[in-house]
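Below, all heavy atoms of this structure are taken into account, side chains as well, without hydrogens, waters or symmetry copies.
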Amino acid sequence: MKISLWFRENRGALAFAAVMMILGSFGYFALGAPDGMAGGTANSTMSKITGMTPAPVDPSVFDGITYKIAFTPDGTPKVFAHAKSNALANLSVAEGVRIPDGNSMILGYTEGEMMKEEKLFTKPGDSLTNFFGIDRIEIGGIYNRTGTFVDDLHFMSTHDYGNLMGEEGRVYSKLTPDKVPKLFYSLGVNETVPTKFVLGEGNMSGYSVHDLGGVEYYPLVLGSNEATMMREEKLFDNVGDEIRGFFGKNVVVVGVLETTNSSFDMMHVVPLNETQLG
């Protein structure tokens with residue numbers, strides 16, 4: 001069912017819920033995130049999913065950060081980041097060093113553990129070959145768990161980031177007013193979705209710009225973990241719900257991705273690039 005028709009048919013029943021969501025989203029995006037979505041409390045929310053106490057993320061890590069996304073042969077997304085060394089020095093490590101040099105990368109906690117399980121390496125100092133266009137790269141360290149998408153990243157040096165084969169500009173991040181990082185994937189309305197982009201809820205037929213009562217709403221698809229957190233914070237309940245003032249735009253949640261155990265689980269997928277979203 002098209003989202004606009006769904007809202008017209010359920011307008012009366014959703015009136016109260018809509019008011020509450022508008023007030024909630026205003027409090028989150030204008031006044032600061034509620035408990036569980038801001039600063040350290042956002043990490044505490046994620047710990048309900050991970051079962052471990054996370055470490056804080058210094059917001060300076062995202063000042064000038066750039067991302068590339070690449071896909072493994074089976075379609076699993078991998079996100080690579082280049083951030084300022086002085087900012088990365090503020091992150092804590094579970095193993096190894098904090099800053100990648102010209103021939104190493106530092107892994108987010110979840111990605112590091114996953115790569116260990118896949119027997120790609122056992123400890124910092126081990127090397128990988130033929131890694132997304134890089135002949136050889138060393139595992140320099142693993143950051144402590146943060147409860148954010150940082151746990152899924154590969155942090156690269158300037159040299160290795162430049163040589164890595166991946167698409168830049170597709171993935172970007174934004175900070176909430178309380179400096180909580182959120183990860184975005186720009187997907188045009190008519191673009192083909194990636195291989196592991198499978199909806200557990202909703203339908204991509206709703207992935208278009210909607211006119212709801214004369215107001216323009218953009219479609220939003222959420223990763224499974226991000227959807228869980230946003231539901232806990234009462235930002236939305238069901239596919240078809242609208243959120244006003246979402247990083248400066250009005251959006252309709254049109255779908256939730258199946259769990260992928262990858263960076264997609266923390267994504268916000270929108271047909272907007274970094275400069276178009278507030």
Side-chain angles (χ1 to χ4, degrees), residues 1-22 24-25 28-29 37 49 69 71-72 74-79 149 152 167 170-174 182-274 276-277:
M1 181 182 293
K2 287 187 177 298
I3 302 301
S4 57
L5 177 59
W6 187 90
F7 270 94
R8 285 199 297 271
E9 292 179 350
N10 296 273
R11 186 176 298 157
L14 295 176
F16 177 74
V19 170
M20 295 305 294
M21 282 187 290
I22 291 168
S25 59
Y28 173 52
F29 294 106
M37 290 291 286
I49 301 172
I69 187 167
F71 295 88
T72 65
D74 71 350
T76 301
K78 299 294 181 181
V79 179
F149 66 83
D152 297 313
E167 183 179 9
R170 175 76 69 177
V171 173
Y172 58 94
S173 59
K174 295 286 183 179
K182 298 295 179 180
L183 193 65
F184 291 83
Y185 183 95
S186 178
L187 179 70
V189 168
N190 297 314
E191 282 192 279
T192 301
V193 300
T195 300
K196 292 204 171 183
F197 193 96
V198 179
L199 294 185
E201 301 176 45
N203 192 301
M204 287 302 286
S205 64
Y207 194 77
S208 60
V209 180
H210 301 277
D211 184 336
L212 302 178
V215 179
E216 191 173 63
Y217 283 78
Y218 292 91
L220 171 67
V221 174
L222 296 168
S224 58
N225 288 350
E226 186 62 25
T228 297
M229 288 192 287
M230 290 178 67
R231 279 172 163 152
E232 289 178 352
E233 297 308 323
K234 310 301 181 185
L235 291 176
F236 85 104
D237 290 316
N238 302 302
V239 168
D241 289 350
E242 65 179 41
I243 304 175
R244 295 189 181 182
F246 182 81
F247 292 92
K249 300 293 184 182
N250 298 320
V251 298
V252 172
V253 180
V254 301
V256 176
L257 293 171
E258 291 184 353
T259 299
T260 64
N261 295 316
S262 75
S263 55
F264 271 171
D265 295 341
M266 298 294 285
M267 288 281 190
H268 305 72
V269 181
V270 290
L272 299 162
N273 61 36
E274 184 173 7
Q276 292 172 317
L277 202 62

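With a 4.5 Å cut-off on side-chain heavy atoms, Leu257 and Leu199 count as touching. In this structure, Val209 and Glu216 have side chains that are in contact, with non-hydrogen atoms separated by less than 4.5 Å. The shortest side-chain heavy-atom distance between Phe197 and Pro77 does not fall under the 4.5 Å cut-off. Contact annotation: the side chain of Val269 approaches that of Tyr207 to within less than 4.5 Å [non-hydrogen atoms, C-beta and beyond]. Between Met267 and Val79, the closest side-chain pair of non-hydrogen atoms falls below 4.5 Å. Residues Met204 and Val221 form a side-chain contact, since some pair of their non-hydrogen atoms from C-beta on lies under 4.5 Å apart. Within the 4.5 Å cutoff, side-chain heavy atoms of Tyr217 are placed close to those of Arg244.
Nearest heavy-atom pair across Gly75 and Thr195 is CA-CB, 4.0 Å. Closest heavy-atom contact between Lys249 and Leu277: CG-CD1, 3.7 Å. When all heavy atoms of Gly202 and Val239 are compared, the pair lying nearest together is CA-CG1, 4.0 Å. Nearest heavy-atom pair, Ser263 versus Asp152, reported as atom, atom and distance to 0.1 Å: CA-OD2, 3.8 Å. Scanning both residues, Asn250 and Gly245, for their nearest heavy atoms gives OD1-N, 3.2 Å. When all heavy atoms of Pro219 and Gly206 are compared, the closest pair comes out as CB-O, 4.0 Å.
Centroid-to-centroid, the aromatic rings of Phe184 and Phe247 come within less than 6.0 Å.
Between the side chains of Lys196 and Thr76, at least one donor N or O lies within less than 3.5 Å of an accepting N or O.
In terms of modelled atom types and a separation under 3.5 Å, the side chain of Glu233 and the main chain of Met230 share no donor-acceptor contact. With hydrogens and angles disregarded, no donor-acceptor distance shorter than 3.5 Å links the side chain of Asp265 to the backbone of Gly223. Ser186 places no side-chain N or O within 3.5 Å of a backbone atom of Arg170 that could act as its donor or acceptor partner. Checked by atom type and distance alone, the side chain of Asp241 never pairs as donor or acceptor with a backbone atom of Val252 at under 3.5 Å. Checking side-chain atoms of His210 against main-chain N and O of Tyr218 turns up no donor-acceptor pair under 3.5 Å.
By the side chain to side chain contact (heavy atoms under 4.5 Å, CB included) test, Asn190 pairs with no residue at all, sequence neighbours left out. With sequence neighbours excluded, the residues forming a side chain to side chain contact (heavy atoms under 4.5 Å, CB included) with Glu274 are Tyr172, Lys174, listed by chain and number.
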Exercise for review: Go through the steps to decide whether Phe264 and Tyr185 satisfy the test ring pair (Phe, Tyr, Trp, His ring centres under 6.0 Å), and finish with yes or no.
Suggested key: CA-CA 9 Å; Phe264 271 171; Tyr185 183 95; 5.8 Å; yes
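Atoms NZ and CD, on Lys234 and Glu232 in that order, are 8.5 Å from each other to the nearest 0.5 Å. To the nearest 0.5 Å, the span separating CG on Asn273 from CG on Leu187 amounts to 12.5 Å. The line from CD1 of Ile69 to NZ of Lys78 is 11.0 Å long, rounded to the nearest 0.5 Å.
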